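Here the structure comes first, spelled out in structure tokens, and everything after it is commentary.
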There are 2 protein chains.
Amino acid sequence: MDFSALPTTAFMRPDGANRDAIASLLHQVVDLLVETMAEATERSPLPESLEVQDWAQVPDRSVDVESLLERVRSQLHHAMNAAHPGYIGHMDSIPTTMSVVGDLLVAALNNNMLSVEMSPVFSRLETLVLQQVTQLFGLGPEANGVLVSGGSLANLQALIVARNQAFGSLEHGIPQGQQPVFLVSEVAHTSFQKAAMIMGLGTKAAIPVATNKDSQLDIDDLSARISRAIAAGQKPFAIVATAGTTVTGSIDPIADMAKIAQRHQLWFHVDAAYGGAVMFSQRHRYQLAGIELADSVTFNPQKWLYVAKTCAMVMFRQFDLLQHHFRVLAPYMNDHNDWPNLGELTVQGTRHADILKLWLSLQHIGRDGYSAIIDHNYDLTQAFTAAVKARPFLVLASQPQMNLICFRAEPSGVPAHQRDSWNQQLQQWLLQKGNTFLSLPVYRGERWLKAVLLNPFTTAEHIEQLFAHIDAYHTAHSAVVRTT
Amino acid sequence: MDFSALPTTAFMRPDGANRDAIASLLHQVVDLLVETMAEATERSPLPESLEVQDWAQVPDRSVDVESLLERVRSQLHHAMNAAHPGYIGHMDSIPTTMSVVGDLLVAALNNNMLSVEMSPVFSRLETLVLQQVTQLFGLGPEANGVLVSGGSLANLQALIVARNQAFGSLEHGIPQGQQPVFLVSEVAHTSFQKAAMIMGLGTKAAIPVATNKDSQLDIDDLSARISRAIAAGQKPFAIVATAGTTVTGSIDPIADMAKIAQRHQLWFHVDAAYGGAVMFSQRHRYQLAGIELADSVTFNPQKWLYVAKTCAMVMFRQFDLLQHHFRVLAPYMNDHNDWPNLGELTVQGTRHADILKLWLSLQHIGRDGYSAIIDHNYDLTQAFTAAVKARPFLVLASQPQMNLICFRAEPSGVPAHQRDSWNQQLQQWLLQKGNTFLSLPVYRGERWLKAVLLNPFTTAEHIEQLFAHIDAYHTAHSAVVRTT
């Protein structure tokens, strides 16, 4: 074709004709990236956003590379700065270096996890590595998993398989007159309501189970609600435990729930999207005891294993259930006898090769490395929790079980109806003055401050400074309220 | 923490302490990548796979970077080599350079499209750029779209919104006694059966409509099947047109289907995952006339716009329908009045920032650049089609409407029952001897050869050589069959 309409660097020419120009561009981008990431502490954890309205138009002609990289530089500087040690507000953090290496290479190769033919190396690698992970979780010899683009899809797929198995709904849908429901803690992730909605059951089919004061599912309420659902003519088909809830990082009583699932012959799913990483710590993995009894498990290396987004998986105790209760054939793809076409076994078809960054990260950091980070996060959480407890004006939402601390200020001088805005102002002040970002979830009808101690570069000193700022704010502002 | 358990380059330290080591590693990876991509023509389009069994184990200790990069080098050399001009078998091709730039930066930033707070720049950019794209498709002033990780999710989300609007099924599910169905061409993508299954309707709820000899949906059969479904007590809620079918690249009669949808008050979805790119060509966009009448459109820049996987979108004529018929609130996220939290409006929650590589590619290549490539692909298709027609032993599956040619050999000397294997052997021979990969779909019960002329570096000479190889094989092998 006539390439004069295209910029020289539009594609990496397969004959190498523009090799030098491509190399020069990519090295320039690496320099920009290294500069940006190596100076993360010099920007706010949550910078002011950027006005991008003028850049959205699709231009007729090519915009030159230098102008583009200048705009990109602004975008980088105004993006969420999760690498900052003071960014401790969400389950988002600094990615492993190998995530960057993996995604760089995967983008250039542009393989497709839809089929073995389109990703011969990565399809095999995914199947083999995920089998290893199922063994770490103790899911037994018939287990395997698939990667999906995020935890919501992992939870969705687990429930679809459970539903199709229970109701034979793959071809003919949910039989007339049946009302499938599943049970899940009232503080579980909203992806369960979303899954129920997507699956045609409606958000209300995710029956909420009460939690105790530490935000863990109440096992008696679970039994009661199963009975009540059956009495009301509904058909419970699954129960869901969470290992690491979104707001407080709480762990449901997994082993007890497994027994109830068995007694009622219900599918048992564990959403360990966040908490699954704890299986990498010898010291802390006991907390997830019972997970080995699950029929399916969601686990997101994109969270506590620091693999760049997205990297999530759903594992099945009996992987061949996917063949019988999920698979939709794609006749335009070549069959390979010994390896599955993963696009037939997942909600997605075409899929990015997330396995490379996961595999590289696991190899580069190793189990011991991950264990060291996770144990450190726990130690820091203990210090943080002690600091909350040492202050009478602070309350914990629940006793932390992972590296999340959800707390709020209830200063004696501040009336109850002003406490939400008081905490909100404290949060803004900590961001502006303390360079620390805590998020501000609504929980039990009130505003709380949430800390997620993920970043390996967050230190005990950072925590001390944070509480010094909290104390200063408290001193200044509880006095003001008292006098007005 | 004690970082002695971790390799120096585990993370890009936010204080820059390991800046030189990180820069050195990333520059080394860029060199490996450039070398690999600049020598794409020297490897097979579809290399032999690699035995990766021994690498799957999660090691206790860190594996050193040099060993890892050596393994990665092997993986790169055995991956699907879609950049090769002879790789013309699937809707997969060489990515734009800016895809690589975008994904490299996005991995390092690790922002999260779940919420505005977690991706302040990219959430805004996605909403603004997709609005521009909806205008290119003529979808009107109330239109916008969201990016999702692949076309299957785009089709799924469109149908969920259609279903929820028709049946009020967001909270309470599909009302008892209702049997929702939708109608879609018999040759449409399998993601529609998958969507029907996921949605609890069963694969059979995707009612297949007959196609004409050119693989386009038969409008009379569509009307007949709508009537038949209603008579059988089913509730049709949507019809689906395809612009660019998977096997033959055919375009359904979009404008006529829009009229039928209007007459029956059905949701009208157009799956332009592949063909949507034609809207970028002034010369060819007339072929998609009627798409501006759609209620929703799937369009995948990851295909004919060469953006690296995944990059797919679903657009809605009335974007605010998502608020009423899809949105599930996530109370742990901060609200922003003027920008939506995209995770509440899509099937996924956490999501990769695919917008950066899309935006960069559109800026760098421009509408004129894309138009030039697409027009070139069409010209090449004309030459390819002429070459098929010039050979009496070759037959076309349908008259090409885009840059896909589906054909097969039916040599007079080869008995009908041997033709599938004859074509299969021809495909293998073209790969081995001609360095050209055609895929081998099953279509209308037979094996066909499929060419997708996507790669901008595939030339008229490549096509001529391919047919010279086909002729040589035909001469050699039809003779053999005749004499045995």
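Proteins come first, then strands; the chains are lettered A, B, ... in the order of their sequence lines, and each starts at number 1. Computed from heavy atoms alone, side chains included, the values below leave out hydrogens, waters and symmetry copies. No experiment lies behind these values; they were computed from the predicted model shown.
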Contacting region of [X] [heavy-atom separation from chain A under 4.5 Å]:
X        : value
B:Ser93  : backbone
B:Asn111 : both
B:Leu153 : side chain
B:Val72  : side chain
B:Phe3   : side chain
B:Ile94  : both
B:Leu380 : neither
B:Asn164 : side chain

As an exercise, state the distance from [atom1] of [X] to [atom2] of [Y], rounded to the nearest 0.5 Å.
X        : Y        : atom1 : atom2 : value
B:Met118 : A:Lys309 : CE    : NZ    : 8.0 Å
B:Ile22  : A:Thr97  : CD1   : OG1   : 3.5 Å
A:Ile373 : B:Asp2   : CD1   : CG    : 11.5 Å
A:Asp368 : B:Asp60  : CG    : CG    : 5.0 Å
B:Trp359 : A:Gln75  : CH2   : CD    : 4.5 Å
B:Asn112 : A:His90  : CG    : NE2   : 9.0 Å

In terms of heavy-atom pairs under 4.5 Å, which option from [options] contacts chain A the most?
options                              : result
B:Pro14, B:Ala308, B:Gly200, B:Ala38 : B:Pro14
B:Gly369, B:Ser62, B:Ser371          : B:Ser62
B:Leu69, B:Leu68, B:Val29            : B:Leu68
B:Leu356, B:Leu46, B:Asp15, B:Asn300 : B:Asp15
B:Gly151, B:Ala23, B:Pro7, B:Pro47   : B:Pro7
B:Ala82, B:Ala108, B:Ser119          : B:Ala108

Contact class of [X] relative to chain B, heavy atoms under 4.5 angstrom:
X        : answer
A:Glu35  : both
A:Arg13  : both
A:Ile365 : both
A:Leu25  : side chain

(request) Mind telling me whether A:Tyr306 and B:Phe11 have parallel, tilted or perpendicular rings, with 30° and 60° as the class edges? (result) perpendicular
For the student: nearest non-hydrogen atoms of [X] and [Y], plus distance:
X        : Y        : result
B:Gln179 : A:Gln176 : CG-NE2, 3.3 Å
B:Pro120 : A:Ala79  : CG-C, 4.3 Å
B:Gln363 : A:Trp55  : NE2-O, 3.2 Å
A:Leu128 : B:Ala56  : CB-CB, 3.5 Å
A:Ala107 : B:Val100 : CB-CA, 4.0 Å
A:Met1   : B:Pro456 : CG-O, 3.8 Å

Greatest number of heavy atom pairs closer than 4.5 Å to chain B - which of [options]:
options                              : value
A:Leu32, A:Leu362, A:Thr459, A:Thr9  : A:Thr9
A:Leu26, A:Ile198, A:Val129          : A:Ile198
A:Gln57, A:Met98, A:His84            : A:Gln57
A:Gln53, A:Met113, A:Gln193, A:Glu51 : A:Gln53
A:Asp103, A:Thr350, A:Asp375         : A:Thr350
A:Val328, A:Asn110, A:Leu136         : A:Asn110

(message) Tell me every residue that passes side chain to side chain donor-acceptor pair (under 3.5 Å) with A:Ser191, counting only those two or more places apart in sequence or in another chain.
(response)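 Here the qualifying residues are A:Asn155, A:His189.
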Are [X] and [Y] side-chain neighbours, meaning at least one heavy-atom pair lies under 4.5 Å?
X        : Y        : value
A:Ser149 : B:His352 : no
A:Leu329 : B:Thr190 : no
B:His27  : A:His27  : yes
A:Met197 : B:Ile160 : yes

(request) Evaluate the criterion side-chain contact (heavy atoms from CB on, under 4.5 Å) for residue pair B:Glu39 and A:Arg19; output intermediate values, then yes/no. (result) CA-CA 9 Å; B:Glu39 294 169 359; A:Arg19 182 178 184 144; 3.6 Å; yes
(request) I would like to know whether A:Met12 and B:Val34 meet side-chain contact (heavy atoms from CB on, under 4.5 Å); could you show each step before the answer? (result) CA-CA 8 Å; A:Met12 297 169 286; B:Val34 171; over 6 Å; no
(request) Start with the C-alpha distance between A:Leu104 and B:Val30, add both sets of side-chain angles, then the distance that settles side-chain contact (heavy atoms from CB on, under 4.5 Å), and finish with yes or no. (result) CA-CA 8 Å; A:Leu104 166 60; B:Val30 163; 4.2 Å; yes
(request) Could you pull out all residues at least two apart from B:Glu171 that satisfy salt bridge (charged side-chain N to carboxylate O under 4.0 Å, His left out)? (result)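 B:Glu171 satisfies salt bridge (charged side-chain N to carboxylate O under 4.0 Å, His left out) with no other residue.
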(message) I'd like to know if the side chain of B:Lys194 and the backbone of A:Glu344 have a donor-acceptor N/O pair within less than 3.5 Å.
(response) no
